[in-house]
Peer 1: 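What follows is a structure written as structure tokens; I'll ask about it next.
Whatever order the structure lists ligands and atoms in, that order sets their numbers, starting from 1.
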Amino acid sequence: MKIPVAKPYLIEEDAQAAHDVILSGWVTQGPKVETFENEFAMYIGASNAVAVSSCTTALHLALVVAGVGPGDEVICPSMSFIATANAIVHAGAIAVFAEVGDDYNLDVAHVSTVITKRTKAVLLVHQLGMPADIDAFRELCDRRKILLIEDAACAAGSEYKGQKVGSHSDFVCFSFHPRKVITTGDGGMITVKDSEHARRLRLLRQHGMSVNDRERHASAKIVFEEYLEVGYNFRMTDIQAAVGITQLKKLDRIIEERRKIALRYHDAFRNIECLRLPLERDGYRSNYQTYSVYLNENAPIGRDELMQKLLDEGISTRRGVMTAHREKAYAGRPCAPLPRSEDLADRSIVLPLYVPMNDSEQLFVINTVRRMLQ
Ligand SMILES: *Cc1c(COP(=O)(O)O)cnc(C)c1O
């Protein structure tokens, strides 16, 4: 049996949606993008949603529109996918790394120790789909008069205190990369509270152009566009958006299924003493974009050896979330010691979780992991 670590849930209706757009003759940002934005905002319970080409460009654009620029510091976890820090650098600012807790999310107490006069924002990541304590960060940011921006790349459909992640802050960024719970191939979305922010995001994602090509196309009069700011090309295509619309319809079902699989892992592993399992606190609801376990010191084998042995049996795994500060791209930049981030990154292992994952596949993973750790 060959078990992948993840795979996108794409079915016939998604392929049909892309097919129909291709034959419609309008393939770049257009009516499908607008529909996808409206339906995503409605799903999240946000007032606006702006679609872009990826979560990386979503974060970059959100930071720019939030007013982050050269000389500013933005606090984020090092233990995240590297795009979190890269977006800060792309916006011209300095990424200041803070420590995370056992839930893989930023540690609010440590964050407060790295705030300086230059700190403009905290970029809060909901790592692996598990919501961070948004209220605690909101309180800190309000008190220290800094912005709170959320990287919810992995957290579409996750809930914090009964509300969807994406409904709490001024800018919340999502990813539709195939590794996430729903996909458009590549793609991103920003949920925004303020319609003025949404307007500026829409302007900047398309070259700062005053009239978009769809409006020009629909106009009976000739229209000359103006270029109001130095913008970007961060558009999502209508082909991607059409797939996003059909994927979004399935999101709740996908999350139910993912949670069932996560619960089964939980029940199977709770008595294995050397494993620490993901912790979902009261009021938190993860979409289980990833199921990552931590291997304690007392494990009979090391993390890398366990990964290799599982691969030998046909089971793909991945290391836990990376740390950016130990990568060459960030070498030589000042950084506080981050022992917990390093330990979590070095001792965590991502187990297979995808939809549909049948019982015999999951049982094979469970039994193989058990055999190697007991
Ligand atoms: C995947 C991911 C990103 C990047 O998303 P893209 O859509 O691939 O640009 C950013 N931050 C986190 C935490 C991620 O997991």
Peer 1: Are side-chain heavy atoms of Ile88 and Leu63 found at a separation under 4.5 Å?
Peer 2: yes
Peer 1: Can you say whether the rings of His325 and Phe97 are parallel (under 30°), tilted (30 to 60°) or perpendicular (over 60°)?
Peer 2: tilted
Peer 1: I'd like the atom pairs linking ligand 1 to the protein - N or O on both sides, separation under 3.5 Å - with distances to 0.1 Å.
Peer 2:
unit_1	atom_1	unit_2	atom_2	d
ligand 1	5 (O)	Ser175	OG	3.4
ligand 1	7 (O)	Cys55	N	2.8
ligand 1	7 (O)	Ser175	OG	2.7
ligand 1	9 (O)	Cys55	N	3.3
ligand 1	9 (O)	Thr56	N	2.9
ligand 1	9 (O)	Thr56	OG1	2.5
ligand 1	11 (N)	Asp151	OD1	3.3
ligand 1	11 (N)	Asp151	OD2	2.8
ligand 1	15 (O)	Lys180	NZ	2.7

Peer 1: Are Lys180 and Phe174 in a cation-pi setup, meaning NZ or CZ lies under 6.0 angstrom from the ring centre and within 45 degrees of the ring axis?
Peer 2: no
Peer 1: Provide the closest heavy-atom pair for Val293 versus Tyr291 in the form atom of the first, atom of the second, distance.
Peer 2: CG1-CE2, 3.5 Å
Peer 1: Hey, any chance Leu248 and Met236 share a hydrophobic cluster, counting ILVMFWY side chains that come within less than 4.5 Å of each other, even indirectly?
Peer 2: yes
Peer 1: Are Glu37 and Arg205 ion-paired here, with the side-chain N under 4.0 Å from a carboxylate O?
Peer 2: yes
